[in-house]
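Before any comments, here is the structure.
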Amino acid sequence: MTLRSLSPASIRPPFARYSHGVSVAPNHRLVVTSGQLGIAADETIPSQCEQQADLCFANIAAILAEDGMTLANVIRLNAYVTAREHMQGYMRSRDRHFQGTPPASTLVIVSGFTRPEFFVEIEAIAAAPADG
């Protein structure tokens, strides 16, 4: 699938490695994930935001695989961190997982999640050709 980054010259470039918008061709199907937390199947939770984000992206990849997609199909991310000091860890993880056209992205600082050991939650929207 070819994604087209939308970054008009008339507005300020993105603050980091993301797209202001992403265009998807007609006749594509979508997968929308729920927010994923940095918790492994064995209930372990890493103590660092970057490793939690890696788990979030691994969970998202597993969800997408159920519909024949990969992280390369992600067109939009919404991410939430509990403090400014967690932003860089999240962004390092995001940038490692999205080497091609970066998805449109929002990052919000929130007061917390259901358990205090969680530092990041990530949700995604992905698109793939309807016939694939």
Side-chain angles (χ1 to χ4, degrees):
M1 178 179 76
T2 303
L3 301 177
R4 189 167 60 98
S5 177
L6 304 175
S7 295
S10 62
I11 65 176
R12 187 193 180 287
F15 283 101
R17 193 172 180 287
Y18 63 87
S19 297
H20 280 306
V22 174
S23 175
V24 177
N27 300 318
H28 280 64
R29 67 186 197 282
L30 297 177
V31 170
V32 179
T33 73
S34 293
Q36 297 298 303
L37 294 163
I39 186 168
D42 66 2
E43 301 291 323
T44 58
I45 301 168
S47 63
Q48 301 296 314
C49 182
E50 187 169 350
Q51 287 73 34
Q52 286 188 22
D54 287 341
L55 272 174
C56 293
F57 286 124
N59 293 344
I60 290 168
I63 294 164
L64 296 177
E66 289 283 306
D67 198 45
M69 294 189 202
T70 69
L71 291 177
N73 295 102
V74 172
I75 60 170
R76 172 119 180 99
L77 293 172
N78 288 328
Y80 311 90
V81 296
T82 56
R84 280 184 176 80
E85 60 263 23
H86 299 308
M87 291 171 52
Q88 291 303 316
Y90 159 74
M91 289 190 292
R92 281 190 301 272
S93 178
R94 179 200 60 202
D95 292 352
R96 271 196 317 279
H97 288 89
F98 297 93
Q99 298 294 310
T101 301
S105 183
T106 297
L107 176 58
V108 178
I109 299 170
V110 297
S111 63
F113 299 112
T114 55
R115 291 170 43 185
E117 58 267 39
F118 292 127
F119 301 132
V120 62
E121 183 170 344
I122 306 168
E123 57 190 31
I125 299 174
D131 59 2

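We number each residue from 1, following the sequence as shown.
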| said: Keeping H28 on the side-chain end and P26 on the backbone end, is there a donor-acceptor pair under 3.5 Å? | reply: yes
| said: Take a 6.0 Å sphere around CD of E85 and say whether it holds more than 12 heavy atoms from other residues, nucleotides or ligands. | reply: yes
| request: Taking side chain to side chain donor-acceptor pair (under 3.5 Å) as the test, write out the residues that go with R92, two or more places apart. | output: E50
| field | Chi angles and distances behind the side-chain contact (heavy atoms from CB on, under 4.5 Å) call for H20, L6 | value | CA-CA 6 Å; H20 280 306; L6 304 175; 5.7 Å; no
| request: Give the minimum heavy-atom separation between H86 and V81, together with the two atoms involved. | output: CB-CB, 4.0 Å
| note | dist I63:CD1 -> M69:CE (nearest 0.5 Å) comes out at 12.0 Å
| request: Can you sort out the partners of A62 under side-chain contact (heavy atoms from CB on, under 4.5 Å), two or more places apart, ordered by chain and number? | output: none
| Closest heavy-atom contact between A79 and I122? | CB-CG1, 4.2 Å
| said: Quick check: closest heavy atoms across S19 and P102, and the distance to 0.1 Å? | reply: OG-O, 2.6 Å
| message | Counting C-beta onward and ignoring hydrogens, is there a side-chain heavy-atom pair between V31 and E66 closer than 4.5 Å? | response | no
| task | Measure from the side-chain N and O atoms of Q36 to the backbone N and O of A124, and report whether any donor-acceptor pair falls under 3.5 Å. | result | no
| Apart from L37 itself, what residues make up its hydrophobic cluster when side-chain heavy atoms of I, L, V, M, F, W and Y under 4.5 Å apart count as a link, directly or indirectly? | I39, I45, Y80, V108, V110, F113, F118
| Any chain of hydrophobic side-chain contacts (each under 4.5 Å) joining L77 to F119? | no
| query | Roughly how far, to the nearest 0.5 Å, is CG of N73 from CD1 of I60? | reply | 13.0 Å
| said: Using modelled atom types and a 3.5 Å cut-off, is there a donor and acceptor pairing between side-chain atoms of R4 and backbone atoms of T101? | reply: no
| said: Run the side-chain contact (heavy atoms from CB on, under 4.5 Å) test against A16 and tell me which residues pass, sequence neighbours left out. | reply: Y18, M91, R94
| task | Kindly indicate, with the supporting measurements, whether the criterion side-chain contact (heavy atoms from CB on, under 4.5 Å) is fulfilled by L107 and F15. | result | CA-CA 11 Å; L107 176 58; F15 283 101; over 6 Å; no
| task | Mind checking the CG-CD1 spacing from L64 to I125? Nearest 0.5 Å is all I need. | result | 11.5 Å
| task | Mind checking side-chain contact (heavy atoms from CB on, under 4.5 Å) for P8 and listing every partner two or more places apart, or none if nothing turns up? | result | S10, I11
| query | To the nearest 0.5 Å, what is the distance between OG (S5) and CD1 (I75)? | reply | 12.5 Å
| What are the two closest heavy atoms between L55 and A40, and how far apart are they? | CD1-N, 3.8 Å
| Separation between OG1 of T33 and CG of N59, rounded to the nearest 0.5 Å | 9.5 Å
| request: Using atom types as modelled and distance alone, determine if a side-chain donor or acceptor of Q99 lies under 3.5 Å from a backbone N or O of R96. | output: yes
| request: Evaluate the ring planes of F57 and F98, with Trp represented by its six-membered ring, and classify them as parallel (under 30°), tilted (30 to 60°) or perpendicular (over 60°). | output: perpendicular
| Donor-acceptor pair, side chain of T82 and main chain of G112, under 3.5 angstrom | no
| said: Tell me whether D42 contacts the main-chain N or O of T44 through its side chain, where contact means a donor paired with an acceptor under 3.5 Å. | reply: yes
| What are the two closest non-hydrogen atoms of G38 and C56, and how far apart are they? | N-SG, 3.5 Å
| task | Please check if any side-chain donor atom of R76 sits under 3.5 Å from a side-chain acceptor atom of T106, or the reverse. | result | yes
| note | Hits for side-chain contact (heavy atoms from CB on, under 4.5 Å) against A65, two or more places apart or cross-chain, chain-then-number order -> none
| message | Does atom CZ (R12) have a neighbourhood of more than 12 heavy atoms from anything else shown, all under 6.0 Å? | response | yes
| field | V24 to A127 - nearest heavy-atom pair and separation | value | CG1-CB, 3.8 Å
